[in-house]
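This is a predicted model, so every value here is computed, not measured. Each chain gets a letter, A, B and so on, in the order its sequence line appears, and its residues count up from 1.
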Amino acid sequence: MTTGSLTAGRTRFRLPRRQIPVLATLALLLVMYGIGVSQYTAFSNVQVIFNVFIDNSFLLVVAIGMTFVILTGGIDLSVGSVVAMTAMVSAWLLQEGLPAALVLVIALLIGPTLGLLMGCVIHFFEIQPFIVTLAGMFFARGMCTFISDSSIPITDGFWTRMSQERIGDPRGNFVSISVLIAFVVVAVAAYTLAYTRLGRNVYAIGGNPQSALLMGLPVGRTRIAVYTISGLCSAIGGILLSFYTLSGAPLIAVGMELDVIAAVVIGGTVLTGGGGYAFGTVLGVLVLGVIQTLITFDGSLNSWWTKIVIGGLLFAFILLQRLIGIRYK
Amino acid sequence: MTDSRPVLTMTGISKSFPGVRALHDVNFRLFPGEVHALMGENGAGKSTLIKVLTGVYDTDGGTITLDGQPVSFSGPMQATAAGVSTVFQEVNLCTNLSVAENIFIGREPRLLGAVRWGEVRRRARELLTRLDLDLDVSAPLGSYSLAIQQMVAIARAIDIKARVLILDEPTSSLDAGEVAQLFRIMRQLRDEGIAILFVTHFLDQVYEIADRITVLRNGGLVGEYLTAELPQLSLVEKMIGKELDVLEGIEEHSRRDLAAVEEGTPLVSVSNFGRAGAVEPFSLTIHAGEVVGLAGLLGSGRTEVARLLFGADRTDGGQVAVDGTASSLRTPAQAIEQGVGFCSENRRAEGIVGDLSVRENMILAMQAARGWLRPVPRRRQDELVDKYIKALSIRPADPEVPVRNLSGGNQQKVLLARWLITEPRLLILDEPTRGIDIGAKTEIQKLVTQLSDGGMAVLFISAELEEVLRLSHKVAVMRDRQMVAQFANDESLDADRIMQTIASGSHQEADR
Amino acid sequence: MSATMGRYRAVTGHRLFWPAAVLVVMLAANTIYRPGFLSIELKDGHLYGTPIDILRLSAPLILVALGMTLVISTGGIDLSVGSLCAISGAVACMYISKQPDQNSLTVVLTALALALAISLVLGAWNGVLVAVIGIQPIIATLILMVAGRGLAQLITQGQIITINSGPFRAIGLGHLLTLPLAIFIALAAALVVAGFTRRTALGMIVESVGGNAEASRLAGIRSGRVIFLAYVISAACAAVAGFMMTANVSSADGNAVGLWVELDAILAVVIGGTSLAGGRFFLSGTILGALIIQTLTTTVYAMDISPQTSLLFKAVVVIVVCLVQAPAFRARFARRRRSVPPPTTTADKPKEQVPA
Amino acid sequence: GNSDTGGGGSKDDGKITMGFSQVGAESGWRTANTTSIKESATAAGIELKFDDAQQKQENQIKAIRNYIQQKVDVIAFSPVVESGWDTVLKEAKDAGIPVILTDRSVDSADKTLYKTFLGSDFVKEGRLAGEWLVEQKKTASGPVNIVELQGNTGAAPANDRKKGFGEAIAANPNLKIIASQPGDFTRAGGKQVMEQFLKANPKIDVLFAHNDDMGLGALEAITAAGKVPGKDITIITVDAVKDGMQALADGKFNFIAECSPLLGPQLMDLAKKVHAGETVPARIETEETTFTQEQAKEALPNRKY
Ligand SMILES: Nc1ncnc2c1ncn2[C@@H]1O[C@H](COP(=O)(O)OP(=O)(O)OP(=O)(O)O)[C@@H](O)[C@H]1O
Ligand SMILES: Nc1ncnc2c1ncn2[C@@H]1O[C@H](COP(=O)(O)OP(=O)(O)OP(=O)(O)O)[C@@H](O)[C@H]1O
Ligand SMILES: [Mg+2]
Ligand SMILES: [Mg+2]
C-alpha cells in the first residue's frame with residue numbers, strides 16, 4: 001500500500017476507492033497495536049487481543065445497530081440506557097424466579113419494541129431522531145431505577161455458564177461466548193447491509209431521503225426498521241452485558257452512546273448517512289478497545305491524565321485517518 | 001388513438017400550498033401508446049400535477065383513475081407498483097450509490113433474498129448500452145455529471161416496464177445526440193403501447209415527438225390539443241396567455257461583431273489551465289463586453305472549464321491575468337473579488353439554499369463579497385430583489401418565501417438574479433436556460449445581449465447550439481475534455497461546422 | 001368571526017407559540033400542585049421565589065445553548081461545551097484562589113480574562129478541527145469533551161477549589177435591580193449574539209452554510225471561517241456559563257461543572273425550532289427551550305417526584321413537548337378531529353421529510 | 001512511563017507489583033483516596049499500576065483482565081458496583097493472583113474469589129448520622145421534618161447511606177423524611193434541590209446530605225432563604241472533607257459521619273501480607289469516626305484532606 005503504486009498511473013492495480021478510509025483505519029490500528037507490543041512485553045500475548053474482544057463484545061453489537069441508524073443519517077441516543085434496561089430487566093426477572101429462556105425472550109423483545117416506537121414517532125410525526133431517542137434514553141434509564149435502585153446479581157445457571165464458559169484453551173487463550181455472538185451479529189449485519197433490499201434502502205435513504213422516496217423506496221418502513229434493529233442490537237448488547245457482569249445495575253453503561261457513536265464514526269461511517277460498513281464499525285470498536293488497553297498497560301496515568309491521553313490518542317488517530325483519507329481521495 | 005380508452009385520467013385536481021394555488025380544477029387524460037406533452041410556463045403547475053399523480057403530494061380535491069379504477073397513491077412506491085414510472089424534474093437519485101444500483105434499487109434481481117450484484121451490474125451495462133452510454137456501472141453516481149445522472153434516471157424509469165412513463169423535463173440537460181437517443185427509445189416504448197407523459201420547454205422537441213399537448217397556465221387548465229392541429233405560435237400564446245411576439249425574439253439571429261469587442265487588454269486571459277482527470281490544459285481570453293459560447297457534447301468538460309475559471313476547483317497549473325496583470329483564481333471568493341460570477345448548472349446541489357428566502361438567496365453572493373460585518377442594508381436588499389423579481393418575472397413574486405417552494409425554473413431565475421446583483425465583470429452561465437420556459441428564455445437571452453452591450457463579459461454554456469450561436473461573439477468547442485477549437489462567430493460559422501468539429505475533433509486552431 | 005379565526009391562526013401558527021404554551025402549562029401544573037409556586041416576595045431588596053430561581057438557574061444553560069444554536073445552524077454540533085464550562089470555571093477559580101486578595105476586582109477581572117482567553121483558544125481548536133481539517137463535528141468536539149474534563153481536573157488537581165471572592169460570587173449570585181445578575185448576563189449575551197448575527201450578515205451566512213455548504217462556497221462565502229467563528233462563539237458562551245456555574249457555589253469542581261450540559265443545550269436548541277441538520281436558527285426559541293428544560297428540572301424537585309420515576313417523568317414531558325410542536329402531529333390530530341379536509345393553511349409538505 | 005515493567009518480570013526482583021483500579025475522580029474524596037494509595041505505594045516500595053475506570057464497571061473489568069495479562073502480584077480495586085465480578089475474579093484466581101477489595105465490597109457468593117475487603121461501611125455511616133439525630137431529638141415533642149439530599153440515584157453510597165439513616169431514625173416516629181431528592185453529590189446540585197425544598201416546605205428542621213459537598217451547596221440556599229444553617233436547620237452530612245469540617249467548626253453544620261479516604265497504608269500492608277501468603281481477616285474496616293462541632297474544631301488543624 002505504498003504511495004507510489006497509487007499515484008503512478010491510472011492503469012495499475014487500484015485499491016477500491018471507497019474502502020480506502022477503512023483500510024487506513026485498519027493500518028493505523030495495526031500500528032497502534034505494534035506500539036503497544038514494543039512498549040509493553042505482555043502486550044504481545046494473544047490473550048490481550050482476545051480480551052479486547054471479550055471486553056468489547058457488547059459494545060460491538062450495539063455499535064452495529066447504531067451503524068444502521070447512522071447510515072440512514074439518523075442517530076440513536078437511547079442505546080446505552082436500553083442496554084442497561086435490558087440487563088436490569090433480565091436480572092430482575094431472574095431474581096423473581098422466571099425461567100431463563102422466558103427471560104431471554106422478554107429481554108430481547110423490550111429493546112426492539114422501544115426502537116419500533118421511537119422509529120414510528122420519528123417517521124410519522126417528523127420529530128428529529130436526536131430528541132426522540134433522547135426521550136427514549138431518559139425513559140429506559142428511568143425504568144432501570146424504577147425497577148431497582150441498586151444492582152441485582154444474577155445467579156441463574158444458564159447466565160453463569162454463558163458468562164464463565166471459556167472457548168479455546170481454558171487455561172491459556174480463550175474467548176467468551178459473547179464474542180461468538182458478537183461475531184454472528186456482525187456477520188448478519190454485514191450481510192444485511194450488502195446483500196438485502198433493506199440494507200440497500202438504508203444506504204439510499206442516507207444518501208438522499210427525498211430521492212429515495214421519489215425512487216419509490218419504502219423510506220418510512222426502512223427508517224422505522226433501523227431504529228428497531230438498533231433497539232434489537234441494544235437488547236442483545238444488554239444480554240451480553242448481563243453475561244459479562246452477571247448482574248443488572250441501574251447506572252451501568254451511562255454515556256455508552258457516545259462511545260458507540262465514536263466507534264461508528266471512527267470506523268468510517270459518515271454521520272450524515274449514506275456511507276460506511278459494518279466492518280468499519282468493528283475496527284472503530286477495536287480502536288477504542290486498544291486505546292484503553294494501552295492506557296491500562298501503562299498504569300502510570302493519573303485519573304485526569306487518563307482522560308487527556310484518551311482524548312489525545314483519539315485525536316492523533318482521527319487526524320492520521322483523515323490525512324490519509326485526503327491523500328487518497 | 002383517441003378511440004381507445006385512456007389509461008389515466010385526472011379530473012378536477014386542485015392543490016394549494018400555503019399562499020399558492022398550484023393547481024386548480026385541472027383535468028388531464030393519457031392514452032396508451034401516445035406521447036403526451038404537458039406544457040406551461042415556469043410555475044404553471046406541471047411538476048405539481050405529476051407529484052399529485054404519483055402520490056408525493058396529497059390532493060386537495062379531484063379524482064385519479066388508472067385503467068378505469070380510481071386510485072390514490074400514498075407515494076411513488078405504490079405508483080411504481082401500479083405501473084406508473086416517473087423521472088422527476090430535479091434528478092432524484094442517490095449519488096452515494098453506484099450507477100447500477102441507482103437503476104435497480106428496490107427491484108434488484110435476487111436469489112433467496114440476496115441481491116445478485118453480478119447480475120445487477122450486467123443488466124445495468126446492457127441497459128446503458130441501449131442508451132449509448134458507456135459508464136463504469138460500479139462507480140458512484142456522484143462522480144458523473146448531472147447530464148449523465150439524468151440519463152441514469154431515465155434508464156431506471158424505462159426499465160421499470162411501466163404502463164405509464166412520466167418524464168418531467170428529462171431533456172433539459174441533454175445534448176442533441178442524447179435527446180435523439182432518448183426519443184428513439186420513447187418511440188419504441190410508445191409503439192409497445194406505453195403511455196408517456198413528457199414535460200419540456202423545448203418547443204421543437206414537442207413537435208418532434210408529442211402526439212398530444214395539454215397546456216397549463218397559472219395552475220389552471222388551458223386545454224388539450226392534438227399536436228398536429230396546434231401551430232407553434234398558438235401553443236406559445238396559450239402558454240403565456242397573451243399574444244406576444246416572443247417568437248420573433250427567438251427567431252432573430254444576430255451575428256455579433258467579434259472585432260468590435262476584441263480590442264485592448266483582455267479582461268481575463270488564462271493559459272495552460274487544466275486539471276488532471278477533468279480538463280486538459282486550455283487557454284482562453286475573454287474581453288469586456290464579449291460573449292464566449294462554450295459548445296460540446298455532454299460530458300465534454302464544459303462545466304469543468306467553468307469551474308476552473310471560477311476557482312471552484314483548483315487548477316494544476318497555468319497562469320491567469322485579469323486586466324493584463326497576473327492574478328489568481330484559486331477560490332470562488334477570490335474569483336468573485338476579481339469580478340467573476342458563476343451560475344452553476346446544478347441548482348439544487350450547488351445553487352440554491354433551500355431554507356433561505358428568495359431575498360436571501362438573491363443577495364447571498366453580494367453579501368459574501370462584502371463580508372459578514374457589512375450587511376447589505378435592508379432597503380437596498382428590497383430594492384434589488386424587487387427589481388429582479390420583476391425583471392425576471394419570478395413567481396410567486398414574494399421575496400420572503402423559502403426558495404425551495406419555488407418551481408424549478410423560478411429557482412433558476414433566482415440564481416441568475418443572485419449573480420446579476422453582484423454586477424460581475426465576467427459572468428459564467430452554465431446552462432442558464434435549462435428548465436426555463438420559452439418566455440423567460442427569450443428574456444434571459446435578451447438580458448445576456450444587453451449585459452454584454454453594457455460591457456459585461458459572459459461565458460455562456462448551453463446544450464443548445466442555436467442559442468450559443470445566437471448569443472456569442474466567439475465559440476469555443478470542447479471535445480473529450482479538451483478545448484479543441486475556438487471560432488469567431490461570423491457568417492462562416494454554423495451549427496454544422498461546430499458539430500463537425502466536435503465529431504472530428506480536429507485540433508486546428510480557430511480561424512480568427 | 002373569520003377575522004378572529006385568522007388572528008387565532010396567526011397566533012397558534014407562530015413559531016414560538018407551542019413552546020411557550022408548553023412552558024405555561026408546566027407552570028400552571030406546578031401552581032395547581034403548590035399555589036405558592038409563582039409567588040415572588042421581596043427579601044433584603046432581592047426578589048425571591050421559584051420563578052426567579054428558574055430564571056437564574058437557566059442562565060448558564062441559555063448561554064451554552066445560544067452558542068450551540070450557532071454551531072448547530074452551521075450543520076455541526078459541539079459536545080465539548082460542558083468540559084469548556086468546567087475548564088473556564090477551574091481556571092478562574094484557580095487563579096483567584098492563588099491571589100492574596102480574592103476580593104479585589106482586578107484579580108477577578110484578570111481571572112475572567114485568563115479563563116475566557118483559554119476557552120477561546122480551545123474553541124478555536126474545535127474550529128480548526130472541523131473547518132480546516134474537516135473532521136466530523138461530533139468526533140472533533142468529542143475529543144475535547146473527553147480531554148477537557150481531564151484538563152479541568154488537572155487544573156484543580158482533582159480537588160474542589162473553594163474561593164471566597166465577593167466580585168466573582170456576584171456573577172452567579174449578585175443582584176441588579178432586585179433581580180439576579182445572572183439573568184442580566186444571559187440576557188446581555190442573548191442580545192449580543194442576536195445583534196452579532198442579525199445586525200450583521202453573520203446569521204444569514206451561517207444559515208446559508210448550514211443549509212447548503214457547497215452552494216454557499218460557490219456564492220463566495222468562506223464557509224471555513226464562518227464555521228470556525230461559530231465554534232469560537234460557542235466556546236465563549238460556554239466560558240461565561242462556566243463562570244456562572246462556579247460562582248453560583250463559589251467553587252470549581254472539575255468533574256461536576258457542566259456535566260451533561262451539552263445534551264440539555266442541544267435539547268433546548270431543538271425544542272426552540274432549530275433543525276439539527278443545520279440551516280435556519282431561532283435564538284428566541286432556544287431561550288424558551290432552555291427555560292422549559294430548567295422548569296422541568298425544578299418541577300421534579302418542587303413536586304418532589306420520586307427520584308426513581310423522575311427520569312420517566314422527564315421522558316414523557318420531552319416527548320409531549322416535541323409532539324405538540326411537531327406540525328405533522330398536529331396535522332394528524334386536526335385531521336382526525338374534523339372529518340372535513342384539513343385547512344389549506346396547515347403546512348403541506350411532501351409526506352417524507354429529510355431526517356435530521 | 002515505566003515502559004518495560006509491564007512484563008511479567010517483576011516476580012524475580014522481589015518487588016511487589018500491584019494493579020489498582022480506581023472508580024474514577026468524581027470527587028475530592030476520591031482524589032484524596034487515590035493520592036493516599038499512590039503515596040503509600042511509593043513509601044512501601046510497591047510498584048503500582050493505576051487505572052481510572054471513570055465510573056464504569058466495564059472499564060474496571062477490562063483493567064483487571066489486563067492486570068492478569070501483565071501478571072501483577074496483587075490486584076486491588078474499589079468496585080463501582082457490588083454485583084457482577086465473579087467471572088473476572090475467577091480468572092484472577094485461576095491465574096493465581098490475590099485480590100483485595102477496597103472501599104466497598106462485592107456480593108459474590110464465593111468468598112474465596114478475593115482475599116479481603118478493606119474499607120468503610122456506607123450503611124454504618126448513614127446509621128451513625130441517624131443515631132446522632134435520634135439522640136439529639138429524643139426530647140422533641142412534635143414532628144421533626146427531615147429533608148434528604150441523596151447522591152446519584154442508583155449509586156451504592158447513596159442507597160446505603162439512605163438505608164442506614166432510615167433504619168436509625170425509625171427508632172423515633174416523630175422523625176420524618178418529608179422530601180428526598182438526588183443532588184448528585186455536587187454543590188450545585190445540593191443547592192438547586194435545597195432551594196426548592198425550602199420553597200415547598202415551610203418548616204424544615206433537619207437536612208441530611210449524603211456528602212459534604214451537597215451540604216455545602218445547601219448552605220447557600222439556606223442562607224439565601226434567610227435561615228441560619230446549623231440553628232434553624234440542623235445539618236448532618238457524611239465524609240468530613242476539609243471544607244465540610246470547616247463548616248462544622250464554624251457552626252454551620254451540626255454533625256459529620258466520617259468516611260475516610262486514607263486507606264493507602266493499610267492497603268499496602270495487606271498487599272505485602274497477602275503476597276507473602278499470610279492469612280488476613282476477611283473484612284477490615286477503615287478507622288473512622290464522627291465529628292460534632294467541638295470535635296471538628298479540635299481536629300481541623302491536622303486534617304490531611
Ligand atoms: N412544496 C411547495 N411549497 C409551496 N409552494 C410550492 C411547492 N411546490 C411548488 N410550489 C408552487 O407551486 C407552483 C407550481 O410549481 P410547479 O413546480 O408545479 O411548476 P412547474 O410547472 O413544474 O414549473 P417549472 O417549469 O419551473 O418546473 C409554483 O408557484 C411553486 O412556487
Ligand atoms: N460518457 C461518459 N463516460 C464516462 N464519464 C463521463 C461521460 N461523460 C461525462 N463523464 C464524467 O462526467 C464529467 C462531465 O464533465 P462536465 O460536467 O464538465 O461535462 P459538461 O460538458 O459540462 O456536460 P454537461 O454539463 O452537459 O453535463 C466528466 O468529468 C466525467 O467524469
Ligand atoms: Mg417543474
Ligand atoms: Mg455541464
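- Here CG of A/Leu214 is found 11.5 Å from CD of B/Gln89. Values are rounded to the nearest 0.5 Å.
- When each of B/Ala157, B/Cys94, B/Ser85 is scored by its heavy-atom pairs under 4.5 Å with chain A, the top score falls to B/Cys94.
- Side chain of B/Arg110 to backbone of A/Thr196: no donor-acceptor contact under 3.5 angstrom is found.
- In this structure, B/Trp117 CH2 and A/Arg200 CZ are separated by 4.0 Å, a value rounded to the nearest 0.5 Å.
- The candidate from B/Ala79, B/Ala81, B/Ala114, B/Pro76 with the greatest count of non-hydrogen atom pairs under 4.5 Å with chain A is B/Pro76.
- Interface remark: B/Glu101 contributes side-chain atoms only to the contact with chain A (heavy atom separation under 4.5 Å).
- Other residues, nucleotides and ligands contribute at most 12 non-hydrogen atoms within 6.0 Å of the OH atom of A/Tyr195.
- Taking CG of A/Leu71 as the start and CG of B/Asn96 as the end, the distance is 9.5 Å to the nearest 0.5 Å.
- In this structure, chain A has a heavy atom under 4.5 Å from the side chain of B/Arg156, while its backbone stays farther away.
- Rounding to the nearest 0.5 Å places CD1 of B/Ile105 at 5.0 Å from CG of A/Leu217.
- The local environment of CZ in B/Arg122 is crowded, with over 12 non-hydrogen atoms from other residues, nucleotides or ligands closer than 6.0 Å.
- With respect to chain A, the highest number of heavy-atom pairs below 4.5 Å among B/Val87, B/Thr54, B/Asn102 belongs to B/Asn102.
- One distance of note links CD of B/Gln149 with OG of A/Ser211; it measures 9.5 Å at 0.5 Å rounding.
- Once rounded to the nearest 0.5 Å, the distance linking CZ of B/Arg107 with CE of A/Met215 reads 9.0 Å.
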